[in-house]
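All values below come from the heavy atoms of this structure, side chains included, with hydrogens, waters and symmetry mates left out. First listed ligand is number 1; within each ligand, the first listed atom is number 1.
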Amino acid sequence: MQIRQTNQVFNFDKYLTFEKDIDLKQRAWIEVKGKAIETNVRQLRSKLSKNCQFMAVVKADGYGHDAKLVSDYAIKGGASQLGVATLNEGIKLRSSGVKKPILILGNLYTKRDLIISFKNDLMPTISSIRECLICNNIGKHFGLKFSLHLKVDTGMSRLGFECSEFVQQFEKIKSFDNISIEGIYSHLSSADEINSLDPKSNTQLQRQKFQKLLKQINVDRNKNIKIHLANSAGMLIDKNFHFHMVRVGLSMYGYKPLSKINNNLFLNPALFLKVKVAFIRTIDKGVSVSYGGKFISNRKTKLAVLSIGYADGVPRNLSGKINVIHNNKFYPQVGCITMDQMMVDITDSNDIQVGSTMLLLGSDGDKTISPLDWARESNTIPWEILCSFKNRLPKVQVD
Ligand SMILES: *Cc1c(COP(=O)(O)O)cnc(C)c1O
């Protein structure tokens, strides 16, 4: 099929098989540097004692980076275990060939889910005797031991055995023949708060409560049980939080949860959010931009329309509060961020064209925009920014 357009012959057939070579960088996309993850894990591990293991937390599709890619590079950097939130996240990793131990951090409470977890060699987190009994029955049925981690609540009031009841319940659990207790853990509620070094802070109190409990159950005699408490912030506070393993998410991706702590860590952000300029227009002074017309130009303004919006995971309440980078220069975003597009003032540029690539998150030269910046501006936390990116944004590895 050929069509003569103006005076150019256009071959359409070439484009009829487009599914085969879909252009991932056609609109907006996430670039992930696997090597950055590997280096971050290595650096973080250098702060741990030799016997302390590193669990790479890859829930929520690896905090929006692609769980399989993150797992592979984290393992290269020395991670010996992986943490996911859901059964399906675990199954997906197993079926993509990941062999390391995987702990499901969320709660499985049906027999069906626990059987599926067992069959996929995933360790569930157990918070009650009832779930323990189900696991024991499953193990018995298959003539094997069901590996799992027990969780105790030390101040989060989310999952976990009640601390005051655990000592007694642990005695009972120890008598179950068809489970294998691989770990006992708890989770910190406030480790990323600035007072977490203060001996009276919730974080320190949680640690003390956990340690007291471990003493009561005489955990030293159960040497194969891995004890763990720390998330990224907990790990960075001090060694008292490390025990036999740390469960690290945010800082493995290159961000510090605690700005106050200075421990010579130079973490590399692994995620770059990029977008194409889809259109350029020039508006006069006094013209309104985007829904609600809240931005009005105070000069003749050149606008770039970028193909990304809140349906891709850019929070709408960042409207008018962020910059975008091009060739080591910042350009302000103006007007409301819409579902699929946003406008940027590029009046001061002479090198941006339709099809140019602009950077929303990441570094270019000495300019950096971090999810921490976005979180501050939109009154949330970097964790939420990272896991809000939608499937519409393809992930491209760039090592
Ligand atoms: C998400 C999660 C982590 C990792 O937290 P970061 O602050 O991202 O390091 C650790 N433990 C549990 C139980 C979690 O749910």
Side-chain angles (χ1 to χ4, degrees), residues 37 40-41 43-45 47-48 52-65 67 70-71 74 77 79-87 89-90 93 101-108 122-127 148-161 182-194 196 202-203 206-207 210 226-238 241-261 263 265 267 269-271 370-372 375 380-389:
I37 303 270
N40 291 340
V41 172
Q43 266 206 74
L44 289 159
R45 278 185 58 233
K47 308 285 170 193
L48 305 174
C52 183
Q53 294 198 20
F54 188 101
M55 173 185 281
V57 177
V58 298
K59 61 193 180 189
D61 202 19
Y63 289 39
H65 292 62
V70 173
S71 301
S80 54
Q81 305 227 1
L82 299 164
V84 297
T86 72
L87 179 60
E89 287 176 350
L93 275 190
I102 299 177
L103 174 63
I104 300 173
L105 301 165
N107 204 38
L108 306 183
L122 304 166
M123 295 180 287
T125 290
I126 298 299
S127 297
L148 50 82
H149 286 230
L150 301 174
K151 187 169 192 183
V152 290
D153 181 48
T154 53
M156 178 77 182
S157 302
R158 193 172 60 178
L159 298 176
F161 285 87
E182 300 291 318
I184 297 178
Y185 78 102
S186 190
H187 189 52
L188 299 167
S189 69
S190 316
D192 56 326
E193 274 169 25
I194 37 172
S196 56
N202 280 338
T203 307
Q206 277 194 273
R207 179 180 56 79
F210 190 51
K226 256 178 213 67
I227 304 301
H228 48 113
L229 175 65
N231 51 7
S232 294
M235 166 191 165
L236 297 173
I237 294 170
D238 80 72
F241 286 83
H242 293 180
F243 298 94
H244 304 145
M245 183 161 76
V246 293
R247 307 183 304 270
V248 177
L250 193 74
S251 49
M252 169 175 73
Y253 299 98
Y255 311 102
K256 285 189 190 180
L258 283 153
S259 51
K260 241 189 147 182
I261 286 187
N263 34 20
L265 274 178
L267 300 170
L271 180 143
S370 155
L372 282 79
T380 182
I381 51 173
W383 291 264
E384 190 184 31
I385 299 287
L386 289 170
C387 65
S388 298
F389 295 123

Among Trp383, Tyr255, Tyr253, Tyr185, which one has a heavy atom closest to atom 6 (P) of ligand 1?
Trp383
Of all protein heavy atoms, the one nearest atom 11 (N) of ligand 1 is Arg247 NE, 2.8 Å
What is the nearest protein non-hydrogen atom to atom 13 (C) of ligand 1, stated with its residue, atom name and distance?
His187 ND1, 3.6 Å
Would Phe161 and Lys151 count as a side-chain contact (heavy atoms from CB on, under 4.5 Å) here? Give the steps.
CA-CA 6 Å; Phe161 285 87; Lys151 187 169 192 183; 5.8 Å; no
For Ala233, is at least one N or O under 3.5 Å away from an N or O on ligand 1?
no
Would you call the rings of Phe210 and Phe243 parallel, tilted or perpendicular, where under 30° means parallel and over 60° means perpendicular?
perpendicular
Does a side-chain heavy-atom distance below 4.5 Å link Phe241 with Leu188?
yes
With a 4.5 Å limit on heavy-atom distance, are the side chains of Met123 and Gln81 in contact?
yes
Going by the angle between their ring planes, with limits at 30° and 60°, are His228 and Tyr185 parallel, tilted or perpendicular?
parallel
Name the closest protein heavy atom to atom 8 (O) of ligand 1, giving the residue it belongs to and the distance to 0.1 Å.
Tyr63 OH, 2.5 Å
Please walk me through it: do Val84 and Val57 pass side-chain contact (heavy atoms from CB on, under 4.5 Å)?
CA-CA 6 Å; Val84 297; Val57 177; over 6 Å; no
Are any of the N/O atoms in Leu105 less than 3.5 Å from those in ligand 1?
no
Can you tell me if Ser186 and Thr154 form a side-chain donor-acceptor pair at under 3.5 Å?
yes
What is the nearest protein non-hydrogen atom to atom 9 (O) of ligand 1, stated with its residue, atom name and distance?
Ser232 OG, 2.5 Å
Is there at least one pair of N or O atoms, one from Lys151 and one from ligand 1, spaced under 3.5 Å apart?
no
Within 4.0 Å of some non-hydrogen atom of Leu250, the atoms of ligand 1 are 6 (P), 8 (O), 9 (O)
I'd like to check whether Lys59 has a polar contact with ligand 1, where a contact means an N/O of the residue lying under 3.5 Å from an N/O of the ligand.
yes
